[in-house]
Colleague: 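One structure follows; several queries about it will come next.
Note: hydrogens, waters and symmetry copies are ignored here, and every other heavy atom, side chains too, is used. Just so it is clear: chains get the letters A, B, ... in the order the sequence lines come, proteins before strands, and each one is counted from 1.
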Amino acid sequence: MTTPESARGPGMKFFIAVWIGLMCIVGIEVSITFRHLPPRELLVCLLVLAFLEAGIAVWYFMHLKYERAALAWSLLPALVFVVFMMDHIWPDAFRLLSMRLLSN
Amino acid sequence: MSEAAHQHGEPTGFIRKYIFSVDHKVIGLQYIGLGIVAVVIGMILSWLMRLHLGWSTLAIPGLEKLSPTGAPANVMTPEYYLSLMTMHGTLMVFFVLTNVPFAGFGNYFLPIQVGAPDMAFPRMNMMSFWVTFTAFLVLIAAFFVPGGPPLSGWTAYAPLSAVGESSGPGEGLGQTLWGLSIAIFCVAQLLGALNFIATTLDLRTKGMSLARMPFSTWAWFITSVIGLLAFAVLLPACILLVLDRVAGTSFFVPGGLVINDRMQPHTGGSPLLWQHLFWFFGHPEVYIAILPAIGIVSHILPAFLRKPLLGPRVLIGCLAAIGFLSYMVWGHHMFVSGMNPFSAILFSVPTLVITIPATIATLLWIGSVYGARIRFSCASLFCLGFISVFISGGISGFFLAQPSIDTYLHATYFVVAHFHFVMGVAAIFAMFAGIYFWLPKMVGRMMNETLGKIHFWLTFVGVYCIFMPMHYLGLAGNVRRYAAFTDDFLAPLVPVHQFITIAALITGAAQFIFLYNLVWSRFRGPKATENPWQATSLEWSTTSPPPFDNFGGRQLVVHQEPYLYGVEGSAGDYVMQTSPETVEAH
Amino acid sequence: MSDVDITTGMGHAGFMEESPYGIPSGKLAMWCFVISDAVTFSAVLFVYGYLRIGSPDWSTPFKFSPTILNGIVMTFILLTSSLTMLAAVEAAKAGRKSAGFGWLCATALLGALFATLHLFEWGRMIDDGWRLFQNPLGGSVHFGAAFFSITGLHLLHVVGGVCALAVIALGYRRGGYNSIDVEVTGIYWHFVDLVWMFVFPLVYLMNAQ
Amino acid sequence: MGKAFGAVLIIITVVSTAVFFFHDFGGMSLWLPVDASEHGHGVDHQLMETMYGSGFLFVLSQILLGLFVWQASDRPQGWKYRIFPGGAKPMVISAILLVGIEILTLSFVGSKVWAGIYFTSAKPGALPIDVQAGQFAFYFRYAGVDGKFGALHPDKIDEGSGNFFGLDPRNDEAARDDIVVATMVIPVNREILLTLHSKDVIHSFYVRELRLQQDIVPGLMIPLHFTATKTGRYEIVCTQLCGLGHYQMKAYLEVKTQEEFDKWLKDQEAAQ
């Protein structure tokens, strides 16, 4: 029993290229870590790279690219939306800094 | 990985057939049965609580046997009151409101309504139930451990729930069991949600396009999507809570706490973090309870109005909108929690916006009742009752959605009235409607209508007597979760509580009429025909009860919209979904 | 009817409505699980972020050698295991059974190697005095809690994945599982890899000295 | 059956609404107590607006439902059903318009009221009072003559010797003259700035007459400011589940005139 639609992958050569690309991103991540940026800038850089990496993994490794577009359009917005809503906890995290009981 | 539905034949042994069954119908009944056990326990707990609230020194015979420490000389202690309250909330929210309308009816009827022989993953389905059952046992075990059940409420706010026994009896092993039970429950719900989604999308029979799915199927589908994302947050939250309790971490516990004159070892955590995680799940959970109820009522109502509902697409859109918005509003539980006050506005606006789809749905129901010739039966009465209590409960949401009013009404009986009406009673009414409507299909016997109508009237008037006065108490500032009302301003309100208690006792007793009716009808009720209500959806195109593979080897083909009532059909004033005849528009 | 695998969404066009995504149910369920699990991991990472923002005395103890270096090796192993998984899926699709089995075993072995290295890492940290509730450097105790719970949750997924891979590999060779099952397992395995792509920068690199 | 349902529903609606109107029953008031704070009228106003708006919707929808069910009960066999005039469209439009306008106004006005209480900070002359909540009592601290609060040391908290806040008067000069009392006494018409903290679990500070509620979260110092406008004695109760004694956890708030307050404060300082 074969699935014709997901059968048309690009072949291993392409995946090896993607794999090399991902390793390069990991290399970049490590190298900027040791350039001792301020934590906030480092976090932004790392997050951008991590999302890039994850995007590549979802798109090619997990074959989302080779499925119908409807699948990606159903799954990814749901995840993005939920993670976006979770961001509403940050204002309270930052308040901790100024409102902590002094004795802690 | 992929499990073939129905490669396996019909099992013959008792255990494979009724206990570890992979048949979605048996599993659905198991969920409903578990829900009935939980609801009976939960209701008895609420009786005990109500008695204590009305007469706080009352001796309740036999209570000492249940808990010698919780009720010495049969008089409930304040801490035991809180324990019962916690267990009442947890049982009702998780094991009744989530289990019955969603997992119970959903399991039984979702595959049938889309014309499938079983769920997409029958073995995983069986696992979901037994994991749920395990969660139930773990929770009930809390009654029998030293210290008794936890007393921190179904919301288990840290640090009360996280620091262990020193903060109160029941906060020992009982609270740990609570955390474990809920974590296990999350796993079961996640598995169940996967199954529902795959079944709805993949196993629809020929002609059952998404647009032709009944409201109930839509509601179960949308609910499973909500559950998939919401329980995924509660699961790690409960695990972290248990870690705080048993492994010494401090996720939710700040430093410098002195409890019972003892310095706590924790440092640096945040109690608000637990509330955020809990309510991130908790608010969608409210819709996990109520959306299937809305779906069930919308499914049953047309069969008794003998006309289709107004704007079916709009109604489904409302369900989806409510599901979507449910993730944007969890902070309205936390207006006065010490959350950043700017966030309050951010959460308040979408909360108020939810009233728009909810109002549209309500108006659609009311508008559908207009101009109908209603067939009054227990099922339709409970549907109409549902609309009424849904309005009553929804209206108070206007108040609680606004932080400026919530600052007065938060944690009062106004809130208790609100969520009991809109989530508890409304969903319970839908369950009753579902049982009166579907029991003929599930067991092949009709229920007794006279007993059912007595049950309806007592329940309908009863819930208003119980919960309407709570609004007034809330406006008077009556604080919830109090074991007794000793404050100067609360003492004069006790007569109202006594009235509520009496109403609760009577209403609760009326439920035994229902249980009797259920058991009696199961064995002695008149035999049900294939389609006793002259309804149109696929579950009425098979025998009552349906055979193992639902349709006896037939592969149904769907030709019609789901609710063709009040038309000229070959069978009468309705056209079945499977009927190939052409129907003229009304 | 009864001998057709109706969950694959194929081979019964005459009986069923087509799935909107045109994929087998198992794959759809796996995708849904992945999304749900991603939310779980996000929640834990958000907890980590929340506590870290709220703790001015956060420790950043990781040196390039050995911890970060070890992390790089682990990342390399996990990424490579994704590649072997892809090879297994390609082989299974082409019907090359023994090759598929071999690649699956390779993936499982790499996963096991990753878990072993990770446990060594844990052992080293525990030797240094790190606990769920204890920070040997005197900074915020949340470091240990966050580190062990996040990596622990991930490790649990890796171990579960290795077990699943082993079961699938054996079943595939015997014929109990088909190429779709291999592909579905692949989605899970790549997801475990994907989570690591966040864990490595956020938990390791952000805590480098 | 339909007539019965309609009638019962309408009776329920009328009775429920009537109780809101006639909320005084022989000394038992089922309504908000007198408002004794500066911001309270905003809250009350908002509540009344909501009461009228949503009360209208409540009565309208319940009575319509009851009416339609009543009508539906004695229709002849073979009745051809009628569709609501206009179908679903008027429903959707009226819901969006009616509810939309209501929630728009409510959230605009309500946000202002909320912002007035919680977005602002206390004016410089406000009287600072420190509140420590614990299982199951509130304690209040005034800065004393020096106008400074002593530092808090949780490890020094000792209920037995009356050190509820964990002060260290031996080493901490600012702590020596701090006044710690179990009843909160404040002057009328002067802004009060509370700093709320808890020594164990979450509690909540709730005074009905002040229209104020704020959780007291352990580990946080939460500011809360208000001005009382009526003298009197009010109850402060805990509204966040805090353990077995939750229902008993309370304190009194005494709002006095400025002169009475000054005298009270002097007496307290002398007793220190």
Side-chain angles (χ1 to χ4, degrees), chain B residues 1-7 9 114-117 120-121 124 190-191 193-195 197-199 201-210 224-225 228-237 239-240 243-244 247-251 265-270 272-273 276-277 280 549 553 555 557-558, chain C residues 1-9 12-21 23-30 32-33 35-44 46-47 50-51 54-55 57 131-134 140-142 144-146 148-149 153 164 168 177-178 180-185 188:
Chain B
M1 278 277 128
S2 88
E3 226 177 313
H6 267 69
Q7 280 181 335
V114 299
F121 311 102
M124 195 163 93
L190 289 173
L191 295 179
L194 294 176
N195 223 333
I197 292 172
T199 308
L201 291 179
D202 289 355
L203 294 190
R204 283 168 292 127
T205 193
K206 182 105 188 110
M208 179 58 81
S209 61
L210 288 174
S224 40
V225 176
L228 186 73
L229 301 172
F231 281 104
V233 176
L234 187 63
L235 175 63
I239 293 173
L240 296 185
L243 281 182
D244 268 7
T249 56
S250 311
F251 291 107
H266 300 274
T267 55
S270 165
L272 286 183
L273 185 54
H276 275 301
L277 292 174
F280 191 91
D549 66 350
Q555 186 70 33
V557 180
V558 174
Chain C
M1 172 72 227
S2 63
D3 55 356
V4 177
D5 180 358
I6 62 169
T7 65
T8 57
H12 55 279
F15 299 113
M16 313 282 287
E17 282 289 295
E18 204 205 346
S19 150
Y21 306 117
I23 52 173
S25 297
K27 203 160 155 186
L28 177 65
M30 182 50 81
C32 290
F33 171 77
I35 294 298
S36 162
D37 216 22
V39 172
T40 301
F41 271 106
S42 323
V44 182
F46 272 71
V47 168
Y50 189 103
L51 294 172
S55 310
D57 56 345
R131 298 286 185 278
L132 275 167
F133 48 85
Q134 184 178 308
S140 170
V141 293
H142 293 314
F148 286 117
S149 49
L153 190 62
I168 293 287
Y177 293 111
N178 56 28
I180 292 169
D181 300 318
V182 174
E183 198 185 344
V184 169
T185 320
Y188 173 78

Colleague: Suppose we screen for side chain to side chain donor-acceptor pair (under 3.5 Å). Which residues come up paired with Thr249(B), at least two apart in sequence or across chains?
Modeller: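 In terms of side chain to side chain donor-acceptor pair (under 3.5 Å), with neighbours along the sequence ignored, Thr249(B) is linked to Asp244(B).
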Colleague: Can a donor-acceptor pair be found, under 3.5 Å and without considering hydrogens, that links the side chain of Thr199(B) to the backbone of Ala120(B)?
Modeller: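 Flag set: sc Thr199(B) to bb Ala120(B) pair under 3.5 Å.
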Colleague: Any sub-3.5 Å donor-acceptor pair from Glu17(C)'s side-chain atoms to Lys206(B)'s backbone N or O?
Modeller: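 Not a single qualifying donor-acceptor pair exists.
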Colleague: If we define contacts as heavy-atom pairs under 4.5 Å, which of Ala43(C), Ser140(C), Cys32(C), Ala38(C) has the most with chain B?
Modeller: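 Most heavy-atom pairs within the cutoff with chain B belong to Cys32(C).
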Colleague: Among the options Ala198(B), Ala193(B), Ala247(B), pick out the one with the most heavy-atom pairs lying under 4.5 Å from chain C.
Modeller: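 Highest number of pairs under 4.5 Å: Ala247(B).
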Colleague: Is it the side chain or the backbone of Ser149(C) that comes within 4.5 Å of chain B heavy atoms, both, or neither?
Modeller: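 Contact with chain B involves the side chain of Ser149(C) alone.
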Colleague: Keeping the roles fixed (side chain from Thr185(C), backbone from Asp181(C)), state whether a donor-acceptor pair exists under 3.5 Å.
Modeller: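 Yes.
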Colleague: Can you list everything that forms a ring pair (Phe, Tyr, Trp, His ring centres under 6.0 Å) with Phe33(C)? Sequence neighbours excluded, please.
Modeller: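 Counting only residues at least two positions away or on another chain, Phe33(C) forms no ring pair (Phe, Tyr, Trp, His ring centres under 6.0 Å).
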Colleague: Val233(B), Ile197(B), Leu210(B), Leu273(B): which one forms the most heavy-atom pairs within less than 4.5 Å of chain C?
Modeller: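 Sorted descending by pairs with chain C, the first entry is Leu273(B).
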Colleague: If you look at every heavy atom in Phe251(B) and Ala145(C), which pair is closest and at what distance?
Modeller: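 Heavy atoms only, the tightest pair is CZ-CB, 3.6 Å.
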Colleague: So which part of Leu132(C) gets closer than 4.5 Å to some heavy atom of chain B, the side chain, the backbone, both or neither?
Modeller: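 Both backbone and side chain of Leu132(C) come within 4.5 Å of chain B.
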Colleague: Is the backbone of Ser19(C) close enough, under 3.5 Å, to the side chain of Asp202(B) for a donor and an acceptor to pair up by distance?
Modeller: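 No; judged by distance alone, with no hydrogens or angles, the pair does not exist.
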Colleague: So which part of Leu229(B) gets closer than 4.5 Å to some heavy atom of chain C, the side chain, the backbone, both or neither?
Modeller: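 Contact with chain C is through both the backbone and side chain of Leu229(B).
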Colleague: Using non-hydrogen atoms only, which part of Ser209(B) is less than 4.5 Å away from chain C: side chain, backbone, both, or neither?
Modeller: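 Both the backbone and the side chain of Ser209(B) come within 4.5 Å of chain C.
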Colleague: So what's closer than 4.5 Å to chain C heavy atoms on Leu228(B): side chain, backbone, both or neither?
Modeller: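 It is both, since atoms from each part get that close.
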Colleague: Against chain C, work out which of Gly115(B), Ala237(B), Pro265(B), Gly248(B) has the most heavy-atom pairs shorter than 4.5 Å and name it.
Modeller: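 Most heavy-atom pairs under 4.5 Å with chain C: Gly248(B).
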Colleague: With a 4.5 angstrom heavy-atom cut-off, could you sort out which part of Leu240(B) is near chain C: side chain, backbone, both or neither?
Modeller: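 Looking at Leu240(B), just its side chain touches chain C.
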